[in-house]
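This is the structure, below, for whatever I ask next.
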Amino acid sequence: MAPIVLVHGIFNHVRGMTPETAGLRQAAVCLPGLAEDVGKLQAQVPELVMAYYADQLRQEFPAQAQSARSEGDFEFLSGRHRVQAAEWLVAAGVPVPEDPQNVGLAPLRQMLGWLIDERSRNRLGAAVTEQLIHRLERVIVTNLREVEAYTTWPERRRLVRDRLATVVRRERPAVVIAHSLGSYVAYETLHA
């Protein structure tokens, strides 16, 4: 039994691993930071377990979700998600497209590039800018999809909550530490 259960947030999907292995990997990633903080208290680092659920939020069925396939580009977004992505970029400071009535057709990569150039004051080279655009594009797409999966797909929500409940029952932790969407998942699960 681990005294600490961690509940990750958005953008923690690990491709190519089983959910169990991905959970172990994600817990191992968190361990050095926890060890550093606990070390300041001159205490021993407790065992911890990650309640990994990211595979349950993929568009594919959970059994296929850990595959290496990825559709993390703007081109794979639905019309509604394209509008949301454009609205986020406008809220971050990108100029409103010429036709604000049709923000869903805005060139999202171009808008993201403009934002990066503006914030970096054009000090990044073309290769670095392109790499950053691609990475931020994946983050935006993942955020939109994972939040939608949890909040609007009742079966996925149930699967995620069941996964966390199983870990909490098995580990009987003294502490649950959750982040981002994981806080929402933990609250609903523990409340139920």
Subject >> Considering all heavy atoms, the nearest E148-T152 contact >> reply: O-OG1, 2.6 Å
Original post:
Which distance, rounded to the nearest 0.5 Å, do you find between the CG of L144 and the CZ of F74?
Top reply: 8.5 Å
**OP:** Please name all residues satisfying side chain to side chain contact (heavy atoms under 4.5 Å, CB included) with V139, sequence neighbours left out, ordered by chain then number.
**Re:** F11, N143
**OP:** For E47 and A2, work out which heavy atoms get closest and say how close.
**Re:** O-CB, 3.9 Å
**OP:** With sequence neighbours excluded, tell me which residues meet side chain to side chain contact (heavy atoms under 4.5 Å, CB included) with D117.
**Re:** N122, T129
**OP:** Could you pull out all residues at least two apart from Q84 that satisfy side-chain hydrogen bond (donor to acceptor under 3.5 Å, both in side chains)?
**Re:** none
Subject >> OH on Y52 to OG1 on T21, rounded to 0.5 Å >> reply: 10.0 Å
**OP:** Rounded to the nearest 0.5 Å, what's the gap from NE2 on H13 to CZ on R58? Could you check?
**Re:** 4.5 Å
Subject >> Hydrophobic cluster identity match, I133 and L115, side-chain contacts under 4.5 Å >> reply: yes
Original post:
Hey, what do you get for CG (L136) to CZ (R138), rounding to the nearest 0.5 Å?
Top reply: 10.5 Å
**OP:** Would you check, one step at a time, whether the test ring pair (Phe, Tyr, Trp, His ring centres under 6.0 Å) holds for H8 with Y53?
**Re:** CA-CA 8 Å; H8 64 79; Y53 63 86; 4.0 Å; yes
Subject >> Partner residues of E171 under the salt bridge (charged side-chain N to carboxylate O under 4.0 Å, His left out) criterion, sequence neighbours left out >> reply: none
Subject >> Least distance between heavy atoms, L77 atom then L108 atom >> reply: CD1-CD1, 4.5 Å
Original post:
Nearest heavy-atom pair of L112 and E137: which atoms, and what distance?
Top reply: CD2-N, 3.7 Å
Original post:
Under the salt bridge (charged side-chain N to carboxylate O under 4.0 Å, His left out) test, which residues partner R158, sequence neighbours left out?
Top reply: E155, D162
**OP:** Measure the spacing between CZ of R156 and CG of L57 and express it to the nearest 0.5 Å.
**Re:** 8.0 Å
Subject >> Under the salt bridge (charged side-chain N to carboxylate O under 4.0 Å, His left out) test, residues paired with E130 that sit two or more places apart >> reply: R109
**OP:** For residues V29 and M50, determine if any side-chain heavy atom of one lies less than 4.5 Å from a side-chain heavy atom of the other.
**Re:** no
Subject >> Results of ring-ring contact (aromatic ring centres under 6.0 Å, His included) for Y150 - residues two or more places apart only >> reply: Y184
Subject >> Backbone of V185 reached by a side-chain donor or acceptor of R157 within 3.5 Å >> reply: no
Original post:
Can you name the side chain to side chain contact (heavy atoms under 4.5 Å, CB included) partners of A165, sequence neighbours left out?
Top reply: R169, T189
Original post:
If every non-hydrogen atom of M111 is compared with every non-hydrogen atom of V94, which pair is closest and at what distance?
Top reply: O-CG2, 3.5 Å
Original post:
Would you say Y187 and L190 are hydrophobically clustered, going by side-chain heavy atoms of ILVMFWY under 4.5 Å?
Top reply: no
Please tabulate, one pair per line, all N/O donor-acceptor pairs under 3.5 Å involving side-chain atoms of residues 172-183, not counting sequence neighbours.
unit_1, atom_1, unit_2, atom_2, d
S183, OG, A178, O, 3.3

Subject >> Residues in side-chain hydrogen bond (donor to acceptor under 3.5 Å, both in side chains) contact with T151, at least two apart in sequence or another chain >> reply: none
Original post:
Which distance, rounded to the nearest 0.5 Å, do you find between the CG of D55 and the CZ of R163?
Top reply: 4.0 Å
Subject >> Single-linkage hydrophobic cluster, 4.5 Å side-chain cutoff, L24 and V167 together >> reply: no
Original post:
Of all heavy-atom pairs between E188 and R161, which one has the smallest distance, and what is that distance?
Top reply: O-NH2, 3.5 Å
Original post:
Mind checking what makes side chain to side chain contact (heavy atoms under 4.5 Å, CB included) contact with L48, not counting sequence neighbours?
Top reply: I4, L6, A27, L31, L34
